[in-house]
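Please read the structure below before turning to the comments.
Each chain gets a letter, A, B and so on, in the order the sequences are listed, and its residues count up from 1. The figures here come from the full heavy-atom set of this structure, side chains too, leaving out hydrogens, waters and symmetry mates.
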2 protein chains.
Amino acid sequence: MNGPARIFRLERFFPYLVRRYYRATSGTVSRIYKSRFGLSVHEWRTMAVLNDYEPLSAKEIVARSSMDKVNVSRAIASLKRDGRLERHVDPTDRRRALLRLTGQGKRVMRELVPLVLAAEQRLLHGLSEAEIAQLESLMRRVEQNAERVLADEAPAASDTHEEARA
Amino acid sequence: MNGPARIFRLERFFPYLVRRYYRATSGTVSRIYKSRFGLSVHEWRTMAVLNDYEPLSAKEIVARSSMDKVNVSRAIASLKRDGRLERHVDPTDRRRALLRLTGQGKRVMRELVPLVLAAEQRLLHGLSEAEIAQLESLMRRVEQNAERVLADEAPAASDTHEEARA
DNA sequence: AAAATTAAGTTGCAAATGAAACCAAGTCAA
DNA sequence: TTGACTTGGTTTCATTTGCAACTTAATTTT
(Lines give C-alpha, C1' and ligand atoms only; values in the text may rest on other atoms or scores of the structure.)
Protein backbone atom coordinates (compact mmCIF):
# COMPACT_ATOMS: atom_id res chain seq x y z
CA MET A 1 0.00 0.00 0.00
CA ASN A 2 1.29 3.47 -0.74
CA GLY A 3 2.03 5.23 2.49
CA PRO A 4 1.47 8.77 3.65
CA ALA A 5 4.54 9.89 1.70
CA ARG A 6 2.39 9.16 -1.37
CA ILE A 7 5.24 7.81 -3.42
CA PHE A 8 3.80 5.97 -6.36
CA ARG A 9 4.98 2.46 -7.12
CA LEU A 10 3.08 0.27 -9.53
CA GLU A 11 3.85 -2.88 -7.59
CA ARG A 12 2.31 -1.31 -4.47
CA PHE A 13 -0.65 0.28 -6.26
CA PHE A 14 -3.83 -1.37 -5.06
CA PRO A 15 -5.75 -1.44 -8.38
CA TYR A 16 -2.72 -3.07 -9.97
CA LEU A 17 -2.65 -5.74 -7.24
CA VAL A 18 -6.35 -6.33 -7.86
CA ARG A 19 -5.74 -6.71 -11.56
CA ARG A 20 -2.99 -9.27 -11.09
CA TYR A 21 -5.13 -11.13 -8.59
CA TYR A 22 -8.02 -11.13 -11.02
CA ARG A 23 -5.88 -12.28 -13.96
CA ALA A 24 -4.49 -15.16 -12.04
CA THR A 25 -7.77 -16.35 -10.60
CA SER A 26 -9.79 -15.99 -13.78
CA GLY A 27 -7.22 -17.94 -15.75
CA THR A 28 -7.77 -21.04 -13.64
CA VAL A 29 -11.45 -21.12 -14.56
CA SER A 30 -11.64 -19.77 -18.08
CA ARG A 31 -9.27 -22.37 -19.45
CA ILE A 32 -11.70 -25.07 -18.30
CA TYR A 33 -14.78 -23.93 -20.17
CA LYS A 34 -12.72 -22.68 -23.08
CA SER A 35 -10.76 -25.85 -23.66
CA ARG A 36 -13.63 -28.24 -22.93
CA PHE A 37 -16.41 -26.50 -24.82
CA GLY A 38 -14.95 -23.51 -26.60
CA LEU A 39 -16.98 -21.17 -24.43
CA SER A 40 -16.24 -17.51 -23.97
CA VAL A 41 -16.62 -15.93 -20.57
CA HIS A 42 -19.88 -14.31 -21.56
CA GLU A 43 -21.28 -17.57 -22.91
CA TRP A 44 -20.28 -19.38 -19.74
CA ARG A 45 -21.85 -16.81 -17.47
CA THR A 46 -25.01 -16.72 -19.54
CA MET A 47 -25.32 -20.49 -19.24
CA ALA A 48 -24.49 -20.38 -15.56
CA VAL A 49 -27.33 -17.97 -14.88
CA LEU A 50 -29.81 -19.93 -16.98
CA ASN A 51 -28.79 -23.08 -15.16
CA ASP A 52 -30.22 -21.58 -11.98
CA TYR A 53 -33.24 -19.73 -13.26
CA GLU A 54 -35.28 -20.34 -16.35
CA PRO A 55 -36.67 -18.93 -18.40
CA LEU A 56 -34.98 -15.53 -18.23
CA SER A 57 -34.96 -12.55 -20.53
CA ALA A 58 -31.73 -11.03 -21.75
CA LYS A 59 -32.31 -8.09 -19.47
CA GLU A 60 -32.62 -10.41 -16.49
CA ILE A 61 -29.41 -12.15 -17.47
CA VAL A 62 -27.73 -8.74 -17.61
CA ALA A 63 -28.95 -7.98 -14.12
CA ARG A 64 -27.91 -11.30 -12.64
CA SER A 65 -24.47 -11.48 -14.19
CA SER A 66 -23.12 -7.92 -14.30
CA MET A 67 -22.50 -8.18 -18.01
CA ASP A 68 -23.13 -5.57 -20.67
CA LYS A 69 -26.26 -6.15 -22.71
CA VAL A 70 -24.32 -6.23 -25.96
CA ASN A 71 -22.19 -9.08 -24.68
CA VAL A 72 -25.24 -10.94 -23.41
CA SER A 73 -26.89 -10.51 -26.78
CA ARG A 74 -23.87 -11.89 -28.58
CA ALA A 75 -23.54 -14.78 -26.14
CA ILE A 76 -27.19 -15.66 -26.65
CA ALA A 77 -26.76 -15.62 -30.42
CA SER A 78 -23.77 -17.91 -30.42
CA LEU A 79 -25.19 -20.31 -27.81
CA LYS A 80 -28.34 -20.55 -29.89
CA ARG A 81 -26.26 -21.18 -32.99
CA ASP A 82 -24.45 -23.99 -31.15
CA GLY A 83 -27.70 -25.56 -30.03
CA ARG A 84 -27.09 -24.95 -26.33
CA LEU A 85 -29.84 -22.42 -25.74
CA GLU A 86 -33.33 -21.90 -27.07
CA ARG A 87 -35.13 -18.66 -27.49
CA HIS A 88 -38.87 -17.93 -27.54
CA VAL A 89 -40.63 -14.64 -27.93
CA ASP A 90 -42.63 -13.64 -24.86
CA PRO A 91 -46.29 -13.48 -26.00
CA THR A 92 -47.01 -10.83 -23.41
CA ASP A 93 -44.25 -8.57 -24.76
CA ARG A 94 -42.88 -9.44 -28.16
CA ARG A 95 -39.77 -7.36 -27.61
CA ARG A 96 -38.68 -9.81 -24.96
CA ALA A 97 -37.06 -13.19 -25.46
CA LEU A 98 -37.58 -16.09 -23.06
CA LEU A 99 -34.35 -18.00 -22.84
CA ARG A 100 -33.56 -21.43 -21.52
CA LEU A 101 -30.84 -24.02 -21.92
CA THR A 102 -31.44 -26.95 -24.25
CA GLY A 103 -30.77 -30.52 -23.21
CA GLN A 104 -27.34 -30.18 -24.75
CA GLY A 105 -26.77 -26.97 -22.84
CA LYS A 106 -27.70 -28.67 -19.61
CA ARG A 107 -25.33 -31.54 -20.33
CA VAL A 108 -22.52 -29.05 -20.83
CA MET A 109 -23.30 -27.48 -17.47
CA ARG A 110 -23.49 -30.86 -15.75
CA GLU A 111 -19.98 -31.56 -16.93
CA LEU A 112 -18.57 -28.09 -16.25
CA VAL A 113 -19.99 -27.35 -12.82
CA PRO A 114 -17.96 -29.97 -10.91
CA LEU A 115 -14.84 -28.87 -12.75
CA VAL A 116 -15.22 -25.18 -12.01
CA LEU A 117 -16.15 -25.91 -8.40
CA ALA A 118 -12.99 -27.97 -8.07
CA ALA A 119 -11.01 -25.08 -9.54
CA GLU A 120 -12.61 -22.76 -7.01
CA GLN A 121 -11.57 -25.13 -4.20
CA ARG A 122 -7.98 -25.09 -5.43
CA LEU A 123 -8.01 -21.29 -5.50
CA LEU A 124 -9.10 -21.15 -1.89
CA HIS A 125 -6.90 -24.01 -0.71
CA GLY A 126 -5.31 -23.33 2.65
CA LEU A 127 -7.71 -20.56 3.61
CA SER A 128 -10.02 -21.18 6.54
CA GLU A 129 -13.74 -20.53 6.33
CA ALA A 130 -13.18 -17.44 8.43
CA GLU A 131 -10.49 -16.14 6.11
CA ILE A 132 -12.66 -16.73 3.04
CA ALA A 133 -15.54 -14.90 4.68
CA GLN A 134 -13.18 -12.07 5.61
CA LEU A 135 -11.79 -11.84 2.06
CA GLU A 136 -15.26 -11.74 0.50
CA SER A 137 -16.39 -9.15 3.02
CA LEU A 138 -13.43 -6.87 2.37
CA MET A 139 -13.80 -7.25 -1.40
CA ARG A 140 -17.46 -6.32 -1.13
CA ARG A 141 -16.67 -3.17 0.84
CA VAL A 142 -14.08 -2.06 -1.70
CA GLU A 143 -16.49 -2.83 -4.51
CA GLN A 144 -19.14 -0.72 -2.82
CA ASN A 145 -16.65 2.14 -2.50
CA ALA A 146 -15.87 1.80 -6.20
CA GLU A 147 -19.54 1.83 -7.17
CA ARG A 148 -20.06 4.92 -5.08
CA VAL A 149 -17.14 6.65 -6.78
CA LEU A 150 -18.39 5.65 -10.23
CA ALA A 151 -21.91 6.79 -9.41
CA ASP A 152 -20.76 10.16 -8.08
CA GLU A 153 -18.73 11.03 -11.13
CA ALA A 154 -20.93 9.62 -13.85
CA PRO A 155 -24.60 9.85 -12.91
CA ALA A 156 -25.68 8.29 -16.19
CA ALA A 157 -23.33 5.32 -15.94
CA SER A 158 -25.04 1.99 -15.71
CA ASP A 159 -23.66 -0.08 -12.86
CA THR A 160 -23.92 -3.22 -14.93
CA HIS A 161 -21.53 -1.87 -17.49
CA GLU A 162 -18.27 -3.71 -17.82
CA GLU A 163 -14.79 -2.34 -18.01
CA ALA A 164 -11.53 -4.21 -18.22
CA ARG A 165 -8.81 -1.81 -17.13
CA ALA A 166 -6.48 -1.03 -14.32
CA MET B 1 -19.01 -19.41 -1.00
CA ASN B 2 -20.37 -22.68 -2.32
CA GLY B 3 -20.87 -25.05 0.56
CA PRO B 4 -20.31 -28.77 0.93
CA ALA B 5 -23.53 -29.49 -0.98
CA ARG B 6 -21.65 -28.10 -3.96
CA ILE B 7 -24.63 -26.36 -5.46
CA PHE B 8 -23.43 -23.97 -8.11
CA ARG B 9 -24.64 -20.38 -8.04
CA LEU B 10 -22.93 -17.76 -10.14
CA GLU B 11 -23.50 -15.05 -7.55
CA ARG B 12 -21.72 -17.19 -4.95
CA PHE B 13 -18.95 -18.37 -7.26
CA PHE B 14 -15.67 -16.95 -6.07
CA PRO B 15 -14.05 -16.24 -9.47
CA TYR B 16 -17.18 -14.37 -10.44
CA LEU B 17 -16.99 -12.27 -7.25
CA VAL B 18 -13.37 -11.53 -8.06
CA ARG B 19 -14.30 -10.44 -11.53
CA ARG B 20 -16.98 -8.04 -10.34
CA TYR B 21 -14.60 -6.68 -7.72
CA TYR B 22 -11.94 -6.18 -10.35
CA ARG B 23 -14.30 -4.51 -12.82
CA ALA B 24 -15.51 -2.06 -10.25
CA THR B 25 -12.09 -1.14 -8.89
CA SER B 26 -10.38 -0.86 -12.25
CA GLY B 27 -13.10 1.42 -13.58
CA THR B 28 -12.33 4.03 -10.97
CA VAL B 29 -8.74 4.32 -12.16
CA SER B 30 -8.86 3.69 -15.88
CA ARG B 31 -11.32 6.49 -16.50
CA ILE B 32 -8.79 8.93 -15.07
CA TYR B 33 -5.91 8.22 -17.38
CA LYS B 34 -8.21 7.52 -20.28
CA SER B 35 -10.19 10.74 -20.06
CA ARG B 36 -7.26 12.95 -19.12
CA PHE B 37 -4.68 11.65 -21.56
CA GLY B 38 -6.31 9.05 -23.75
CA LEU B 39 -4.10 6.36 -22.28
CA SER B 40 -4.84 2.68 -22.48
CA VAL B 41 -4.17 0.47 -19.49
CA HIS B 42 -1.01 -0.89 -21.11
CA GLU B 43 0.27 2.58 -21.88
CA TRP B 44 -0.42 3.72 -18.35
CA ARG B 45 1.33 0.78 -16.80
CA THR B 46 4.30 1.11 -19.11
CA MET B 47 4.64 4.75 -18.11
CA ALA B 48 4.17 3.92 -14.45
CA VAL B 49 7.03 1.43 -14.51
CA LEU B 50 9.34 3.81 -16.41
CA ASN B 51 8.51 6.52 -13.92
CA ASP B 52 10.20 4.41 -11.23
CA TYR B 53 13.07 2.88 -13.12
CA GLU B 54 14.83 4.10 -16.22
CA PRO B 55 16.00 3.15 -18.62
CA LEU B 56 14.33 -0.24 -18.98
CA SER B 57 14.08 -2.71 -21.83
CA ALA B 58 10.74 -3.97 -23.04
CA LYS B 59 11.50 -7.30 -21.45
CA GLU B 60 12.13 -5.62 -18.10
CA ILE B 61 8.84 -3.74 -18.41
CA VAL B 62 7.12 -7.06 -19.08
CA ALA B 63 8.65 -8.49 -15.93
CA ARG B 64 7.77 -5.53 -13.73
CA SER B 65 4.21 -5.08 -14.92
CA SER B 66 2.82 -8.58 -15.59
CA MET B 67 1.88 -7.59 -19.11
CA ASP B 68 2.25 -9.60 -22.28
CA LYS B 69 5.19 -8.58 -24.45
CA VAL B 70 2.95 -7.89 -27.44
CA ASN B 71 0.96 -5.37 -25.42
CA VAL B 72 4.12 -3.78 -24.08
CA SER B 73 5.47 -3.51 -27.61
CA ARG B 74 2.31 -1.81 -28.80
CA ALA B 75 2.21 0.52 -25.80
CA ILE B 76 5.83 1.52 -26.46
CA ALA B 77 5.05 2.23 -30.12
CA SER B 78 2.09 4.44 -29.37
CA LEU B 79 3.77 6.29 -26.48
CA LYS B 80 6.71 6.97 -28.76
CA ARG B 81 4.36 8.19 -31.47
CA ASP B 82 2.75 10.54 -28.95
CA GLY B 83 6.10 11.89 -27.82
CA ARG B 84 5.83 10.56 -24.27
CA LEU B 85 8.60 7.99 -24.46
CA GLU B 86 11.94 7.76 -26.17
CA ARG B 87 13.66 4.68 -27.41
CA HIS B 88 17.37 3.99 -27.95
CA VAL B 89 19.04 0.87 -29.15
CA ASP B 90 21.29 -0.72 -26.54
CA PRO B 91 24.83 -0.63 -28.05
CA THR B 92 25.77 -3.77 -26.14
CA ASP B 93 22.85 -5.71 -27.63
CA ARG B 94 21.18 -4.17 -30.63
CA ARG B 95 18.11 -6.34 -30.24
CA ARG B 96 17.33 -4.48 -27.05
CA ALA B 97 15.71 -1.08 -26.69
CA LEU B 98 16.49 1.29 -23.83
CA LEU B 99 13.32 3.11 -22.92
CA ARG B 100 12.67 6.19 -20.89
CA LEU B 101 9.96 8.79 -20.50
CA THR B 102 10.36 12.13 -22.25
CA GLY B 103 9.82 15.44 -20.46
CA GLN B 104 6.26 15.36 -21.70
CA GLY B 105 5.82 11.82 -20.44
CA LYS B 106 7.06 12.87 -17.04
CA ARG B 107 4.66 15.80 -16.96
CA VAL B 108 1.80 13.42 -17.69
CA MET B 109 2.86 11.24 -14.79
CA ARG B 110 3.25 14.23 -12.47
CA GLU B 111 -0.34 15.11 -13.17
CA LEU B 112 -1.72 11.57 -13.08
CA VAL B 113 -0.01 10.18 -10.00
CA PRO B 114 -1.83 12.34 -7.44
CA LEU B 115 -5.12 11.60 -9.19
CA VAL B 116 -4.72 7.84 -9.21
CA LEU B 117 -3.45 7.86 -5.62
CA ALA B 118 -6.57 9.80 -4.62
CA ALA B 119 -8.69 7.24 -6.45
CA GLU B 120 -6.89 4.49 -4.58
CA GLN B 121 -7.66 6.24 -1.28
CA ARG B 122 -11.33 6.41 -2.16
CA LEU B 123 -11.37 2.70 -2.98
CA LEU B 124 -9.95 1.87 0.43
CA HIS B 125 -12.01 4.43 2.32
CA GLY B 126 -13.31 3.09 5.63
CA LEU B 127 -10.86 0.23 5.79
CA SER B 128 -8.31 0.27 8.58
CA GLU B 129 -4.60 -0.29 7.92
CA ALA B 130 -5.00 -3.74 9.43
CA GLU B 131 -7.91 -4.58 7.14
CA ILE B 132 -6.02 -3.39 4.05
CA ALA B 133 -3.04 -5.47 5.05
CA GLN B 134 -5.33 -8.46 5.62
CA LEU B 135 -7.03 -7.99 2.22
CA GLU B 136 -3.71 -7.77 0.39
CA SER B 137 -2.38 -10.78 2.23
CA LEU B 138 -5.41 -12.92 1.41
CA MET B 139 -5.36 -11.80 -2.23
CA ARG B 140 -1.71 -12.75 -2.46
CA ARG B 141 -2.35 -16.20 -1.08
CA VAL B 142 -5.17 -16.85 -3.55
CA GLU B 143 -3.02 -15.53 -6.38
CA GLN B 144 -0.24 -17.90 -5.36
CA ASN B 145 -2.71 -20.77 -5.39
CA ALA B 146 -3.82 -19.74 -8.85
CA GLU B 147 -0.27 -19.55 -10.14
CA ARG B 148 0.43 -22.98 -8.74
CA VAL B 149 -2.65 -24.37 -10.48
CA LEU B 150 -1.70 -22.72 -13.76
CA ALA B 151 1.85 -23.95 -13.49
CA ASP B 152 0.79 -27.53 -12.75
CA GLU B 153 -1.48 -27.82 -15.72
CA ALA B 154 0.47 -25.89 -18.30
CA PRO B 155 4.23 -26.25 -17.79
CA ALA B 156 4.99 -24.12 -20.81
CA ALA B 157 2.73 -21.25 -19.81
CA SER B 158 4.49 -18.02 -19.06
CA ASP B 159 3.42 -16.54 -15.76
CA THR B 160 3.57 -13.06 -17.19
CA HIS B 161 0.93 -13.86 -19.75
CA GLU B 162 -2.33 -12.02 -19.39
CA GLU B 163 -5.81 -13.38 -19.52
CA ALA B 164 -9.07 -11.56 -19.02
CA ARG B 165 -11.72 -14.13 -18.26
CA ALA B 166 -13.81 -15.46 -15.49
C1' DA C 1 34.09 -20.82 -39.14
C1' DA C 2 29.55 -22.02 -39.99
C1' DA C 3 25.18 -23.74 -38.73
C1' DA C 4 21.78 -24.15 -35.29
C1' DT C 5 19.44 -22.32 -31.51
C1' DT C 6 17.89 -18.79 -28.49
C1' DA C 7 16.59 -14.05 -27.45
C1' DA C 8 14.32 -9.40 -27.95
C1' DG C 9 10.98 -7.36 -30.02
C1' DT C 10 7.54 -6.55 -34.02
C1' DT C 11 3.85 -7.51 -37.18
C1' DG C 12 -0.13 -9.93 -39.30
C1' DC C 13 -4.50 -11.76 -38.86
C1' DA C 14 -8.63 -13.17 -36.74
C1' DA C 15 -11.55 -12.77 -32.89
C1' DA C 16 -13.33 -10.14 -29.19
C1' DT C 17 -14.94 -5.94 -27.35
C1' DG C 18 -16.70 -1.11 -26.62
C1' DA C 19 -19.43 2.64 -28.10
C1' DA C 20 -23.00 4.17 -30.60
C1' DA C 21 -26.71 3.75 -33.60
C1' DC C 22 -30.51 1.22 -34.91
C1' DC C 23 -35.09 -1.46 -34.97
C1' DA C 24 -39.42 -3.30 -33.29
C1' DA C 25 -42.58 -3.16 -29.65
C1' DG C 26 -44.90 -1.17 -25.70
C1' DT C 27 -46.45 2.82 -22.81
C1' DC C 28 -48.01 7.31 -21.90
C1' DA C 29 -49.55 12.02 -22.64
C1' DA C 30 -52.05 15.16 -25.40
C1' DT D 1 -56.28 8.14 -31.88
C1' DT D 2 -51.78 9.74 -32.60
C1' DG D 3 -47.26 11.25 -31.59
C1' DA D 4 -43.52 11.15 -28.32
C1' DC D 5 -40.92 8.59 -25.38
C1' DT D 6 -39.13 4.39 -23.30
C1' DT D 7 -37.82 -0.39 -23.44
C1' DG D 8 -35.66 -4.80 -24.96
C1' DG D 9 -32.58 -6.28 -27.82
C1' DT D 10 -29.51 -6.25 -32.23
C1' DT D 11 -26.18 -4.60 -35.47
C1' DT D 12 -22.43 -1.67 -37.22
C1' DC D 13 -18.00 0.09 -37.01
C1' DA D 14 -13.70 0.99 -35.01
C1' DT D 15 -10.44 -0.41 -31.71
C1' DT D 16 -8.23 -3.68 -28.83
C1' DT D 17 -6.45 -8.06 -27.91
C1' DG D 18 -4.69 -12.88 -28.36
C1' DC D 19 -2.10 -16.04 -30.88
C1' DA D 20 1.24 -17.18 -33.98
C1' DA D 21 4.64 -16.10 -37.13
C1' DC D 22 8.22 -13.19 -38.33
C1' DT D 23 12.74 -10.33 -38.22
C1' DT D 24 17.09 -9.06 -36.46
C1' DA D 25 20.73 -9.99 -33.31
C1' DA D 26 23.37 -12.72 -30.10
C1' DT D 27 24.92 -17.10 -28.32
C1' DT D 28 25.88 -21.89 -28.53
C1' DT D 29 26.98 -26.09 -30.77
C1' DT D 30 29.23 -28.69 -34.16
Side-chain angles (χ1 to χ4, degrees), chain A residues 19 23 26-27 30-31 33-35 38-46 55-81 85 87-99 154 156-158 160-166, chain B residues 19 23 26-27 30-31 33-35 38-46 55-81 85 87-99 154 156-158 160-166:
Chain A
R19 183 182 175 95
R23 296 290 189 185
S26 73
S30 62
R31 68 208 288 181
Y33 49 73
K34 196 177 184 86
S35 65
L39 288 171
S40 71
V41 61
H42 299 116
E43 290 163 340
W44 148 253
R45 279 158 75 174
T46 296
L56 286 178
S57 64
K59 171 179 175 137
E60 287 165 331
I61 294 173
V62 165
R64 290 177 182 279
S65 66
S66 304
M67 288 192 288
D68 185 63
K69 63 174 183 172
V70 175
N71 290 328
V72 171
S73 177
R74 287 168 173 152
I76 288 168
S78 64
L79 289 170
K80 181 166 174 290
R81 188 161 53 239
L85 171 152
R87 182 180 184 290
H88 301 285
V89 172
D90 184 342
T92 70
D93 182 343
R94 286 189 285 104
R95 291 173 298 179
R96 194 153 21 133
L98 295 176
L99 306 156
S158 161
T160 61
H161 190 40
E162 289 191 321
E163 283 282 359
R165 316 270 185 254
Chain B
R19 183 183 176 91
R23 295 290 188 184
S26 73
S30 61
R31 66 207 290 182
Y33 50 74
K34 197 177 183 84
S35 65
L39 289 170
S40 71
V41 60
H42 298 116
E43 289 164 340
W44 149 254
R45 276 156 76 175
T46 295
L56 287 179
S57 65
K59 171 177 175 140
E60 287 165 332
I61 294 173
V62 165
R64 288 179 184 277
S65 66
S66 306
M67 288 191 287
D68 184 62
K69 65 175 181 172
V70 175
N71 290 327
V72 171
S73 176
R74 287 168 174 153
I76 289 168
S78 64
L79 289 169
K80 183 167 174 287
R81 186 162 54 238
L85 169 152
R87 183 179 184 290
H88 302 284
V89 172
D90 184 342
T92 69
D93 183 342
R94 287 188 287 105
R95 291 173 297 179
R96 189 147 31 125
L98 294 176
L99 306 155
S158 162
T160 61
H161 192 39
E162 289 191 322
E163 284 282 358
R165 316 267 187 259

Excluding sequence neighbours, so at least two apart, what forms salt bridge (charged side-chain N to carboxylate O under 4.0 Å, His left out) with Arg87(B)?
none

When only distance counts, do a donor and an acceptor, one from the side chain of Lys69(B) and one from the base of dG9(C), lie under 3.5 Å apart?
yes

Got a second to check how far Ser73(B)'s OG is from Met67(B)'s CE, nearest 0.5 Å?
11.0 Å

Starting from P on dG9(C), measure out to NE2 on His88(B) and report it in whole angstrom.
15 Å

What is the nucleic acid contact for Ala77(B), judged by heavy atoms within less than 4.0 Å: base, sugar-phosphate only, or nothing?
nothing

Side chain of Asp93(B) (C-beta onward), nearest among dA25(C), dA26(D), dG9(D):
dA26(D)

Would you kindly give the CD-to-P distance between Glu60(A) and dT7(D), to the nearest whole Å?
15 Å

Rounded to whole Å, how long is the line connecting atom CG of Asn71(A) with atom P of dA15(C)?
17 Å

Starting at CG of Asn71(A), measure out to NZ of Lys69(A) and round the result to the nearest 0.5 Å.
12.0 Å

So, does the side chain of Arg96(B) form a donor-acceptor pair with the base of dA8(C) at under 3.5 Å?
no

Rounded to whole Å, CD of Glu43(B) lies from P of dT17(D) at a distance of 9 Å

Short side-chain donor-acceptor distance under 3.5 Å, Thr46(A) and Glu43(A):
no

Is a side-chain donor-acceptor pair under 3.5 Å present for Glu60(B) with Ser57(B)?
yes

At 4.0 Å (heavy atoms only), tell me whether Val70(B) reaches a base, stays on the sugar-phosphate, or touches nothing.
base

Separation of Leu79(A) atom CG from dT10(D) atom C1', in whole Å?
16 Å

Check this one for me: any side-chain N or O of Ser73(B) less than 4.0 Å away from OP1 or OP2 of dG9(C)?
no

base_contact_polar (dG18(D) base, Arg74(B) side chain, donor-acceptor, <3.5 Å):
yes

Find the distance Lys59(B):NZ to dT24(D):C1' and express it as a whole number of Å.
16 Å

Whole Å only: how far is the CZ atom of Arg94(B) from the C1' atom of dT23(D)?
14 Å

Separation of dG18(C) atom C1' from Met67(A) atom CE, nearest Å, is 15 Å

Taking for each residue the nucleotide of DNA chain D bearing the nearest heavy atom, is the 5' side occupied by Arg87(A) or by Arg95(A)?
Arg95(A)

